[in-house]
Each structure stands twice: as structure tokens, then as C-alpha cells.
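To start, the structure under review is shown below, and the notes come after it.
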Amino acid sequence: MRYAVFSDVHANIEALEAVLADAARRSPDAYLCLGDVVGYGPDPNACVDRVRRLGAAAIAGNHDRGAVGGLDPAAFSPLARAAIEWTARELTEENRAFLAALPDRFETPAFVAVHGSPREPVEEYILDLPTALAVFAETDFRVCLVGHTHLPVVFVRGKDGHIRAQDLRADDVVRLSGTSRYIINGGSVGQPRDGDPRAAYLIFDDGVPGVTLHRVDYPIAATQAKMTARGLPPLLSRRLAAGT
Ligand code: ZN
């Protein structure tokens with residue numbers, strides 16, 4: 001199976017449409033959304049509608065939970081919280097129910113997928129080697145797909161127990177060895193933070209097996225203009241152009 005795996009759309013419909021158009025050209029067998037469809041951006045309902053129409057397998061992110069009252073607002077930074085409160089007011093009843101019903105993990109024989117980490121599916125950030133080491137030690141997945149940090153990276157644990165991290169850049173291909181374990185993060189569709197403002201997603205082929213990271217241009221200024229018009233915090237809009 002070839003999966004188009006995308007995460008952290010963050011209510012950015014321009015970025016989501018660009019990613020889905022790019023992914024469609026690669027004819028994936030299925031779509032997998034790793035959470036945070038909403039939060040930060042100006043189009044929460046359009047993005048939830050699009051994910052629902054796509055029939056993507058989807059799991060919950062911390063912003064999805066926050067927007068439907070499933071996480072304490074105090075868990076978020078002031079800017080994130082301002083956007084979450086705005087999002088909560090905007091969401092239709094139908095989309096609120098969809099987000100509230102999202103599971104916190106998706107599993108196949110080939111991989112497990114969570115928003116944050118298999119230890120704490122919705123909230124834990126796997127940002128560094130010590131965290132990855134602890135996650136590998138406490139769990140037994142072979143391949144884990146995650147989002148949440150907005151940073152494309154693969155953590156690899158070799159059969160000798162050695163751990164390394166490899167940042168993923170556009171068009172990077174990583175072949176997966178049967179004797180290693182992997183935590184794979186494809187970055188963010190709607191709010192990249194690795195210095196590349198282009199939307200990110202990956203194709204995961206569980207047959208080869210391997211992953212390829214893709215980056216896609218989208219009309220950032222159009223998204224920013226909507227954020228300004230909706231009164232969302234200016235810093236959230238500015239960071240889109242910098243990819244930070
Ligand atoms: Zn996020």
C-alpha cells in the first residue's frame with residue numbers, strides 16, 4: 001500500500017489543496033491524516049470538510065481536541081489559545097462532532113500512526129534523540145508515523161540499539177531496513193517550521209518499504225490575507241512566509 005501521509009493542516013485550505021493535488025498525481029492507495037486539521041489558520045471548516053470528503057483515515061491532534069473542549073486551554077501558548085478559541089466559535093456542529101470522535105491512533109500490521117508519540121498519542125513532542133530513545137525503549141512498534149512538531153525527520157534505531165536522526169528535505173527518500181525501527185515525521189501542511197515555507201507531506205510505501213518527503217508551493221499571501229481579515233494574531237500569519 002502507498003499512503004499519502006499528511007499532518008498539521010492547521011486550517012490552511014490553500015496549503016491542503018496544494019498538497020492533495022500534488023499527492024493525487026502520485027496515485028496513492030489511501031490518505032492518512034495525522035491530526036491538527038484545525039488551529040492557527042483561517043479555514044477550519046473548509047479543512048475539516050475536505051478531510052472528510054477525502055475519506056482519509058484520520059487521528060486527533062492536540063489542537064483538534066482543544067477546539068472541541070477535549071483539552072484544557074491552559075495547555076496551549078497564548079497565541080495558540082487565541083486561535084483555538086476563535087476556531088471553537090467557528091466550527092459547525094457537524095465538524096465539531098467529527099473532530100470530537102477522532103481516535104488517537106491508527107494501526108496496520110506495517111505501522112502505527114499517532115499525532116505526537118505512541119507513549120502519549122496526542123500531546124508528547126518527539127524533538128530530540130533522548131526522547132526518541134525513551135519512546136523506542138518503552139514501545140515495540142517497527143514503524144511509527146507522527147506529526148505535531150512540524151519538523152520533517154526520521155529517527156532510526158538500528159539493531160545494535162544505536163539511535164540517529166535524519167532531517168528530511170524535499171524529495172529525500174529513506175528506504176526502511178527490516179532490522180531497524182523508525183519514527184517518521186513528514187512535517188506540516190499548513191504551518192511548516194523547518195525554515196522551508198512550502199507545505200510538506202510524505203508518501204509511505206509499506207511494500208518497498210520506504211518514505212519520500214514532498215514539498216509543495218501554495219499561495220501563502222492568500223492565506224495570510226484571510227488571517228488578517230478574521231482578526232487572527234499577526235505573528236501567526238507572518239510565520240507562514242518564513243516557515244518557522
Ligand atoms: Zn500542529
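Excluded from the calculations below are hydrogen atoms, water molecules and symmetry mates; all remaining heavy atoms, backbone and side chain alike, are included. None of the values given here were measured: they were computed from a predicted structure. In each ligand, atom 1 is the first atom listed, and ligand 1 is the first ligand listed. Position 1 is the first residue of the sequence, and the numbers go up from there.
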Check whether any N, O or S atom of His150 sits under 2.8 Å from the Zn ion (ligand 1).
yes
State, to the nearest 10 degrees, the angle whose vertex is the Zn ion (ligand 1) and whose arms point to OD2 of Asp36 and NE2 of His10.
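About 90°, to the nearest ten degrees.
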Indicate the atoms forming the closest heavy-atom contact of Pro73 with Arg81, along with that distance.
O-NE, 3.3 Å
Ion pair present between Asp172 and Arg215, side-chain N to carboxylate O less than 4.0 angstrom?
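Result for this pair is no, no salt bridge flagged.
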Side-chain touch Leu91/Thr87, heavy atoms, less than 4.5 angstrom
yes
Assess whether side chain to side chain donor-acceptor pair (under 3.5 Å) is satisfied between Tyr201 and Asp22, documenting all intermediate values.
CA-CA 10 Å; Tyr201 77 100; Asp22 192 82; 2.5 Å; yes
Name of whichever N/O/S atom of Asp8 is nearest to the Zn ion (ligand 1)
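The closest N, O or S atom of Asp8 to the Zn ion (ligand 1) is OD1.
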